[in-house]
Amino acid sequence: MSVIKTDLDLSNVFGEFIYDCYTTGVEFINIHPDYALLKFRDILSNLVVSIADRSKVEVSTQRLFDQIDYLHDCQIISWSLKDRLHEARKLGNLGVHKEHSQAKDVQFSKDRKNALIEKANHARELILEIFEDALVFFGYNQPVENIERIAVKVQEYKEVIFRALTSNDKRDKLQAGIILENIAEESMPDDSLVVSSALFFHYESIYKVAASFYEAAYKISANVDGRFNSLALKGGSTSELAVTRKYGDLEPLFRFSVLQSEGRLGFREEV
């Protein structure tokens with residue numbers, strides 16, 4: 001059993017999904033705290049289900065609130081762990097239920113972002129405390145002390161976007177789409193103002209580029225080439241569309257669908 005010295009070591013105990021959510025959350029705390037909080041909430045959802053599975057308990061509800069309470073009622077988790085899970089859940093909900101001001105007030109947006117950065121940092125510390133409490137469910141019985149917080153490289157807008165343009169990594173594409181969408185949302189003027197056609201097309205183009213990154217992330221995640229032979233041997237459908245629908249990650253698909261449903265992508269007209 002490997003020795004846990006850093007927060008990254010600690011998150012890695014719980015599997016690839018949780019490790020990826022934790023590192024992504026930390027990377028985005030200062031530039032997109034909403035997304036960081038969402039990733040921390042994803043950790044909670046996955047961890048609670050894993051604890052239930054490892055404890056041979058069937059949880060029928062899909063609500064995270066009820067799942068946490070149920071594990072406590074079954075005497076699987078302690079009161080202190082239940083309390084931390086709920087506190088982290090409430091913070092994570094700030095990333096799920098994003099607030100929008102009626103007026104695009106610059107100072108309001110800055111104040112809100114700073115407040116969310118503070119909450120995201122607090123959520124990170126809560127997650128680490130939860131990890132320490134949950135180690136026993138994953139067969140790790142050694143005490144952990146003085147966990148070092150690794151300074152995960154903070155993402156820069158231009159760096160992430162350039163990386164997404166020059167690689168075929170699904171994670172790079174997804175992160176670039178999120179950043180572009182955030183840029184458009186933070187800089188778009190108040191809806192009540194009259195916006196010039198040039199400015200409208202400018203913002204629409206940002207959303208379209210974000211959507212193209214989401215679409216690419218979704219399709220790349222399905223690993224179409226790698227699955228063709230396997231599906232052909234089993235007699236399954238080997239069309240690109242069928243494989244993508246079956247194996248593509250849902251997050252980029254969801255984000256693309258939201259932009260489309262909100263009319264952010266405009267109409268496709270012949271140029």
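The distance from the OG1 atom of Thr23 to the CZ atom of Phe28 is 10.5 Å, given to the nearest 0.5 Å. Distance NZ/Lys219 to CG/Asn168: 14.5 Å, rounded to 0.5 Å. Taking CG from Leu128 and CG from Asp7, the interatomic distance works out to 5.5 Å, rounded to the nearest 0.5 Å. Distance check, rounded to the nearest 0.5 Å: CD of Glu129 to CG of Asp133 gives 7.5 Å. Note that CD1 of Ile183 and CD1 of Ile178 are 12.5 Å apart. Values are rounded to the nearest 0.5 Å. From Asp34, atom CG reaches atom CG of Asn182 across 7.0 Å, with rounding to the nearest 0.5 Å.
Residues Glu181 and Tyr214 bring a donor and an acceptor atom of their side chains to less than 3.5 Å of each other.
When the side chains of ILVMFWY residues are joined at heavy-atom separations under 4.5 Å, either directly or via intervening members, Val136 and Ile127 end up in a single hydrophobic cluster. When hydrophobic clusters are built by joining Ile, Leu, Val, Met, Phe, Trp and Tyr residues whose side-chain heavy atoms come closer than 4.5 Å, directly or via intermediates, Leu199 is grouped together with Val209. Ile220 and Phe162 fall into different hydrophobic clusters, where Ile, Leu, Val, Met, Phe, Trp and Tyr are joined by side-chain heavy atoms under 4.5 Å apart, directly or via other members.
Leu126 and Ala88 get closest at one heavy-atom pair: CD1-N, 3.9 Å. Among all heavy-atom pairs drawn from Ala120 and Phe40, the shortest one is O-CE1, 3.5 Å. Of all heavy-atom pairs spanning Lys170 and Ser221, the tightest one is CD-CB, 3.6 Å. In plain terms, the two heavy atoms of Gly177 and Ala210 that are nearest each other are O-CB, 3.5 Å.
Within 6.0 Å of the CD atom in Glu118, the count of heavy atoms belonging to other residues, nucleotides or ligands does not exceed 12. Dense packing is recorded around CZ of Arg149, with more than 12 heavy atoms of other residues, nucleotides or ligands lying under 6.0 Å away.
Residues passing the ring-ring contact (aromatic ring centres under 6.0 Å, His included) test with Phe131 are Phe14, sequence neighbours excluded. Taking Asp69 as the reference, Lys82 meet the salt bridge (Lys or Arg N to Asp or Glu O under 4.0 Å) condition, with sequence neighbours excluded. Applying the salt bridge (Lys or Arg N to Asp or Glu O under 4.0 Å) rule to Asp83 yields no partners; only residues at least two apart in sequence or on another chain are considered. In this structure, Glu148 has no salt bridge (Lys or Arg N to Asp or Glu O under 4.0 Å) partners at least two apart in sequence or on a different chain. Remark: Lys5 pairs with Val3, Asp9 by the side-chain contact (heavy atoms from CB on, under 4.5 Å) rule, at least two apart or across chains. For Ser55, the side-chain contact (heavy atoms from CB on, under 4.5 Å) partners two or more places apart in sequence, or in a different chain, are Ile51, Val57, Ile76, Phe137. In this structure Tyr19 satisfies the ring-ring contact (aromatic ring centres under 6.0 Å, His included) test with no other residue, sequence neighbours excluded. Thr61 is linked by a side-chain contact (heavy atoms from CB on, under 4.5 Å) to Val59, Arg63, Asp66, Gln67, counting only residues two or more places apart in sequence or in another chain. Applying the salt bridge (Lys or Arg N to Asp or Glu O under 4.0 Å) criterion to Glu132, with sequence neighbours excluded, gives no partner residue.
Listed by first and then second residue, the ring pair (Phe, Tyr, Trp, His ring centres under 6.0 Å) pairs involving residues 45-67 are Phe65-His86 (not counting sequence neighbours). Pairs engaging residues 40-59 under the salt bridge (Lys or Arg N to Asp or Glu O under 4.0 Å) rule: Lys39-Asp42 [sequence neighbours left out].
Remark: the backbone N or O of Ile150 is not paired with any side-chain donor or acceptor of Thr6 at under 3.5 angstrom. In terms of modelled atom types and a separation under 3.5 Å, the side chain of Asn12 and the main chain of Leu8 share no donor-acceptor contact. Put simply, the side chain of Tyr218 gets close to the backbone of Thr244: a donor and an acceptor are under 3.5 Å apart. In this structure a side-chain-to-backbone donor-acceptor pair under 3.5 Å is missing from Lys119 to Gly92.
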For residues 254-261, dump all side-chain donor-acceptor pairs below 3.5 Å to protein atoms at least two apart in sequence or in another chain.
from: Arg255; atom 1: NE; to: Glu251; atom 2: OE2; distance (Å): 3.3
from: Ser257; atom 1: OG; to: Leu253; atom 2: O; distance (Å): 2.8
from: Ser261; atom 1: OG; to: Ser257; atom 2: O; distance (Å): 3.2
from: Ser261; atom 1: OG; to: Val258; atom 2: O; distance (Å): 2.9

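Under the 4.0 Å criterion applied to side-chain N and carboxylate O atoms, Arg171 and Glu27 are assigned as salt-bridge partners.
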